[in-house]
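The figures that follow rest on heavy atoms only: side chains count, while hydrogens, waters and symmetry mates do not. Here the structure is a predicted model, which means the values were calculated and not measured.
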Amino acid sequence: MLSGTFISFEGPDGAGKTSALQAITAEIAPALGDRLTITREPGGNPISESIRSIILDRANTAMDYRTEALLYAAARRQHLAQTILPALAADKLVLCDRYVDSSVAYQGAGREIGEAAVAKMNEFATDGLLPELTIYFDVPAEVGLRRIQAHRDPTKVDRLDVEQTAFHDRVRAAYLKLQAAHPDRIKLIDATQDPATVVAQSLALIKQTAPAYF
């Protein structure tokens, strides 16, 4: 029996979702204490973090696109089994930086290996578990890429960050299609707004979805 609440954060590179998640965590963690779990994908536990290092290593230029998609799904399965499901079973609020929608957008559309095929692969990996709420931070590809170039530590720029604009345009288009298809779960926030407004709107959605924690 999973009594907790699962919320994911999604968006193209440079959308600011991770910064928003950090700001939200700083605001709500003191009150929630151990009822709050903050995690990320790929990653969230030692095995999944090891897979993450392989996926995002810029030296792995020979990686096949289907291999990449399968590695994401494998990391997600381990993350779910070892981190997310135990937290939900313990009645925790789980905030996750990326989940299945990322694979559909980045590998399915960005890599052009098929959104439906990637979704099906991840349905197997997750046994169909989806978040109650997904906050999608929307930003045009060129804006996100400019932010990465201006603000991100060069040592933290990964294989996906260095893809061409057309790749990131496909990713954004796929996210918008997902949001249109699942409007009850995926809520869009205009991430070109000032950071304080983005954080406030995100927090309002979280409180609306998980009022028992606030």
Test side chain to side chain contact (heavy atoms under 4.5 Å, CB included) applied to E10 and V104, step by step: CA-CA 11 Å; E10 293 283 357; V104 175; over 6 Å; no

For [X] and [Y], indicate whether the former's side chain and the latter's backbone hold a donor-acceptor pair under 3.5 Å.
{"X": "Q179", "Y": "K187", "value": "no"}
{"X": "R170", "Y": "R111", "value": "no"}
{"X": "E115", "Y": "A109", "value": "no"}
{"X": "D13", "Y": "H168", "value": "no"}
{"X": "R185", "Y": "P131", "value": "no"}

Lys/Arg-Asp/Glu bridge criterion (N-O < 4.0 Å) met for R172, E142: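 Here R172 does not pair with E142 in a salt bridge, since their nearest N and O are not under 4.0 Å apart.
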
Could you tell me if the side chain of [Y] sits less than 4.5 Å from the side chain of [X], heavy atoms only?
{"X": "T37", "Y": "F6", "answer": "no"}
{"X": "I189", "Y": "F9", "answer": "no"}
{"X": "C96", "Y": "H79", "answer": "yes"}
{"X": "R52", "Y": "R40", "answer": "yes"}
{"X": "D127", "Y": "L80", "answer": "no"}

Is there a side chain to side chain contact (heavy atoms under 4.5 Å, CB included) between D138 and D190? Walk through the geometry before answering. CA-CA 5 Å; D138 184 54; D190 178 0; 5.8 Å; no

Starting at [atom1] of [X], measure out to [atom2] of [Y] and round the result to the nearest 0.5 Å.
{"X": "I24", "Y": "I135", "atom1": "CD1", "atom2": "CD1", "value": "5.5 Å"}
{"X": "I186", "Y": "S8", "atom1": "CD1", "atom2": "OG", "value": "7.5 Å"}
{"X": "L21", "Y": "D97", "atom1": "CG", "atom2": "CG", "value": "5.5 Å"}
{"X": "R35", "Y": "D91", "atom1": "CZ", "atom2": "CG", "value": "5.0 Å"}
{"X": "I51", "Y": "E49", "atom1": "CD1", "atom2": "CD", "value": "10.0 Å"}
{"X": "T5", "Y": "L88", "atom1": "OG1", "atom2": "CG", "value": "8.0 Å"}

Return yes if a side-chain donor-acceptor contact under 3.5 Å exists between E41 and S48, otherwise no.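 No, because no side-chain N or O of E41 sits under 3.5 Å from a partner of the opposite role on S48.
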
For R98 and Y72, test the side chains for any donor-to-acceptor distance below 3.5 angstrom and give the result as yes or no.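 Short answer, no.
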
Over 60° means perpendicular and under 30° means parallel, so tell me whether Y106 and Y175 are parallel, tilted or perpendicular.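 Perpendicular: the ring planes of Y106 and Y175 meet at over 60°.
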
Using the rule that Ile, Leu, Val, Met, Phe, Trp and Tyr join whenever any side-chain heavy atoms are under 4.5 Å apart, tell me whether [X] and [Y] fall into a single cluster.
{"X": "F137", "Y": "I38", "value": "yes"}
{"X": "L56", "Y": "M63", "value": "yes"}
{"X": "F167", "Y": "L178", "value": "yes"}
{"X": "V94", "Y": "L203", "value": "no"}
{"X": "L129", "Y": "M121", "value": "no"}

Checking side chain to side chain contact (heavy atoms under 4.5 Å, CB included) for the pair I206/Y213: CA distance, chi angles, key distance, verdict? CA-CA 10 Å; I206 292 169; Y213 295 91; over 6 Å; no

L176 vs Y136, side chain to side chain contact (heavy atoms under 4.5 Å, CB included): CA-CA, chis, key distance, verdict: CA-CA 9 Å; L176 291 172; Y136 168 59; 3.9 Å; yes

Look at atom CD of E123 and say whether more than 12 heavy atoms of other residues, nucleotides or ligands are closer to it than 6.0 Å.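 12 or below, so no.
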
Applying the side chain to side chain contact (heavy atoms under 4.5 Å, CB included) test to L205, which of I7, L133, T134 qualifies?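 The passing option is L133.
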
